[in-house]
Amino acid sequence: MNQNPADNPDQMLWETVQRLHAIVEASPLAIIALDADGLVKMWNRGAERIFGWSENEVVGRALPTVPPEFQDEFRTLVLSQMQGRGGLAGFETTRMRKDGALIDVSIWTSPLRDSTGNISGIMSVAADITDRKRADKERSQLVAREQAARAEASLEKRYQKLLESAPDAILEVDRTGCIVLLNIQAEKLFGYSRAELLGKSIETLIPERFQAIHPPHRDRYFAHPVTRPMGTGLDLHARRADGTEFAVDVILSPYEADGGGGRVICVVRDITDRKVSDEQIRTLNQHLEQRNREVEQANRLKDEFLASMSHELRTPLNAIIGFSDLLAEQSEPQFSVKQKRFVGHIRQGARHLLELINDILDLSKIEAGHLELKYEEFSISGAAAEVLANVRPAATAKNLQVDSSLPQDLFLYADRLRFKQVLYNLLSNAIKFTPSGGRVAVETSKARGSFCFCVADTGIGIPKHEHEAIFSSFHQVGTTTKGVREGTGLGLAITKRLVEQHGGQVWVESEPGKGSRFFFTMPLRAASPNGVLEQPRELMYVLVVEDEEPAQELLMSHLEDSGYQPITTNSGAEAVQKARVLQPDVITLDLLMPGKTGWQVLSDLKQTPATAHIPVIIISVVDERKKALGMGASEYLVKPVSKELLLGAIRRCTQAAARKKSETDSHLKHEEDSGS
Amino acid sequence: MKRILVADDNPVSRELIREILEADDYEVIEAGDGQDALDKLREYSPDLALLDIQMPILDGMALIRELRADVRFANLPVAAITAYAMQGDREKALSLGFSTYITKPIDIPAFRAQVAALLGNTR
């Protein structure tokens, strides 16, 4: 049988089969052939080694190595192979061994074809890659652990830096008061090194006198650990290594350390500088308060001084004015011309002095804020007419023409007396500084929520640089007032303040030789709709005629509560007399009184010219309204009288009286105009 | 002839008022302090009293209280004549019972009219 195998085809085929079989059996890989139905056709020793089943156990049966959860995947793979869609090359998946263990495998496949070229099965080669897989996994886990460790280290470094760069001292203390962590600021602030403080009690940093009481506080904190400032409202002190003390603010914050155990983070701030500035502010405030008290005291002394000076000056002035006036009127016939002139000088000088005293008093009252404006609604032309009547004699003496073009239907809500004073000051100045033959005029216009008044003259005028200064105290226009020196120098200062207190302004337009135009404004204001004035009301007097003391007291308390000034009397006779002298704004009258009856008093009041205009409110237990109103009473109230009823009646009376008064004012003004 | 009591601790002030009143044919009784005034009011029963506010022993404010509490003087016209001209002084005087309030230095024509008016009321 020494044949050349090439000569015998059967021999060659047999040898080839033998070699292939040997390769298959020698392979460390599992080599498995499946038929078209997926049954095992071939199972080599490699497969037996890897999977545990012997050839006999698996050939002709379904592949036992596919775990249940991979059955779907397996079926798909087989189908795809059988349809000739290419083999697998290193496909990694999971298979099961006979002992049930799962292993990782890598699979290569190739189709098997029959003699006609149709795919009749699959040849599959599988390698056990479980160990390699495990090694890969372990390596990547190792890498991840390393990366995490590096990140953690960098984070800790960051927190460390944060801790060290914090501007405040930060210490971590455990439940026993032991310092377990601190930053560089803590070292600097307390003057200890880190090594000296770690493990030491926190009480080391507290002044000795507080050391004993600190541990109980610490225990209480750990019983209720919340973030809060330490010792609210207390001045806290800390102690340095050298024993010196300093003021601190401490904020405590609880914190649960790793491995349990309560800790507290203490943030300590040196507030020495703040304490110093607080102290400075306190000292400054005290100083200011002291100064304030001194100023108030000085002001009070000034007021008292002015009051007493006014009194002391008035007393001798009373004698000078009184007796010089008596001299002028009683003894004139016997006097020489010269003596008469002397008496005239005394009288004029004394009057000037009185005017000065009044002005100083006025100005100081205004400046001390003691001047209360008594607002009321009044006719502008009516008030102006009274002022013009006052200044006309002086104007006539200098042959000055005084023109007023104030409309009659204008009403101003202001302090009537002070308004007149302002107008008087400006008009008398104009007359004073206007040479004879000149003209003085007063006019008004309504503009931007105000009345604007103008007092113009054809006088000597005022240089521009004096336009502001003339409104200050004791200022008189220097050279230009030559020969005109009788003023007090306070008139314009008072005028300015009075106008400003009303909320208005005053200014001048003038040039030397071209006359002056003084302007002032008064804001338009109105009484409130219900007729009760919002501004302080002028003090109103109410005469209470009542003989029963309790009733009298009740009426008085109602009146006083509401800002009225009650005057009382219990006799009818006195009632008429008081009404005449005191001129109250309203009278309340009880009808049943001993002596003169209320009826008699009412009739007397209404028949006496000096009292006929005063409104009378009858207050009685009997209702005889018709008779009383017929006799001239304004209101009739039946006892008991409530406060509301009383005040309502008084208000109606005073409003009616005010209307009558303003009508009379404009009527008078009308007469004056047509008369001149 | 109407009788008027003038109470003022300053003799020159009293003399001035006396001069003015006597020229108008009134009888003038002078008092130098509040107590003196009270005594003379009781003794002479004048028709009108003119009281200074600031007086020794008994001042005008205390005196008017006494007078108004006394039945004999409750209706007597009493004027305050004073050099106090501060705000509030007038209101205080009137509320205490003075019939009127005259400030010094007095204005002679106005003063004459005020005196006449005060006396006119007691008829």
Side-chain angles (χ1 to χ4, degrees), chain A residues 303-304 306-330 350-351 353-354 357-358 361-362 364-366 368 370-372 374 539 541 556 560 565-584 608 610-611, chain B residues 8-20 22-23 48 52-54 68 71 73-79 81-112 114-123:
Chain A
D303 288 350
E304 283 165 15
L306 280 169
S308 82
M309 189 196 72
S310 155
H311 180 256
E312 296 308 319
L313 290 177
R314 272 165 204 281
T315 305
L317 212 48
N318 184 40
I320 297 168
I321 291 177
F323 284 111
S324 60
D325 282 359
L326 284 182
L327 267 186
E329 86 179 22
Q330 291 177 356
R351 290 232 145 68
L353 195 53
L354 178 62
I357 292 167
N358 286 338
L361 218 61
D362 227 8
S364 66
K365 253 190 289 186
I366 296 169
H370 290 167
L371 183 84
E372 280 177 24
K374 294 169 182 171
L539 193 57
Y541 289 92
M556 277 181 70
E560 277 171 346
Q565 178 72 57
I567 312 159
T568 58
T569 176
N570 49 21
S571 93
E574 197 192 46
V576 182
Q577 176 208 326
K578 277 202 169 174
R580 280 176 72 158
V581 178
L582 297 177
Q583 292 288 312
T608 309
T611 57
Chain B
D8 196 318
D9 60 329
N10 183 327
V12 180
S13 294
R14 289 202 303 271
E15 190 187 340
L16 175 63
I17 293 171
R18 173 189 282 279
E19 279 297 324
I20 297 164
E22 283 182 349
L48 169 67
D52 187 15
I53 298 280
Q54 196 183 48
R68 290 314 181 206
V71 194
F73 301 118
N75 297 329
L76 177 71
V78 183
I81 303 190
T82 173
Y84 282 115
M86 300 302 275
Q87 210 163 12
D89 292 340
R90 172 186 297 271
E91 285 75 9
K92 190 181 169 199
L94 292 181
S95 72
L96 284 178
F98 277 108
S99 313
T100 192
Y101 188 88
I102 300 166
T103 52
K104 291 180 191 173
I106 53 176
D107 178 275
I108 295 173
F111 176 67
R112 283 189 178 122
Q114 280 164 313
V115 167
L118 285 165
L119 285 168
N121 292 327
T122 53
R123 271 179 307 225

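Quick note on labels: first sequence line is chain A, next is B, and so on, each numbered from 1.
Remark: the backbone N or O of A/Thr568 is paired with a side-chain donor or acceptor of A/Lys578 at under 3.5 angstrom. The closest donor-acceptor contact from the side chain of B/Ser99 to the backbone of B/Ala79 lies at 3.5 Å or more, if one exists at all. Remark: the backbone N or O of A/Ala610 is paired with a side-chain donor or acceptor of A/Gln583 at under 3.5 angstrom.
Looking at B/Glu15, both its backbone and its side chain come within 4.5 Å of chain A, counting heavy atoms on both sides. At a 4.5 Å heavy-atom cutoff, A/Ile567 makes no contact with chain B through either its backbone or its side chain. At a 4.5 Å heavy-atom cutoff, B/Ile17 makes no contact with chain A through either its backbone or its side chain. Interface residue B/Phe98: only backbone heavy atoms are found under 4.5 Å from chain A.
Comparing B/Thr100, B/Ile106, B/Asp107 by heavy-atom pairs within less than 4.5 Å of chain A, the highest count is held by B/Ile106. Contacts with chain B were tallied for A/Ile357, A/Thr608, A/Leu354; A/Leu354 has the most, counting heavy-atom pairs under 4.5 Å.
The salt bridge (Lys or Arg N to Asp or Glu O under 4.0 Å) check on B/Asp9 picks up nothing, with sequence neighbours excluded. Taking A/Glu574 as the reference, A/Thr569 meet the side chain to side chain donor-acceptor pair (under 3.5 Å) condition, with sequence neighbours excluded.
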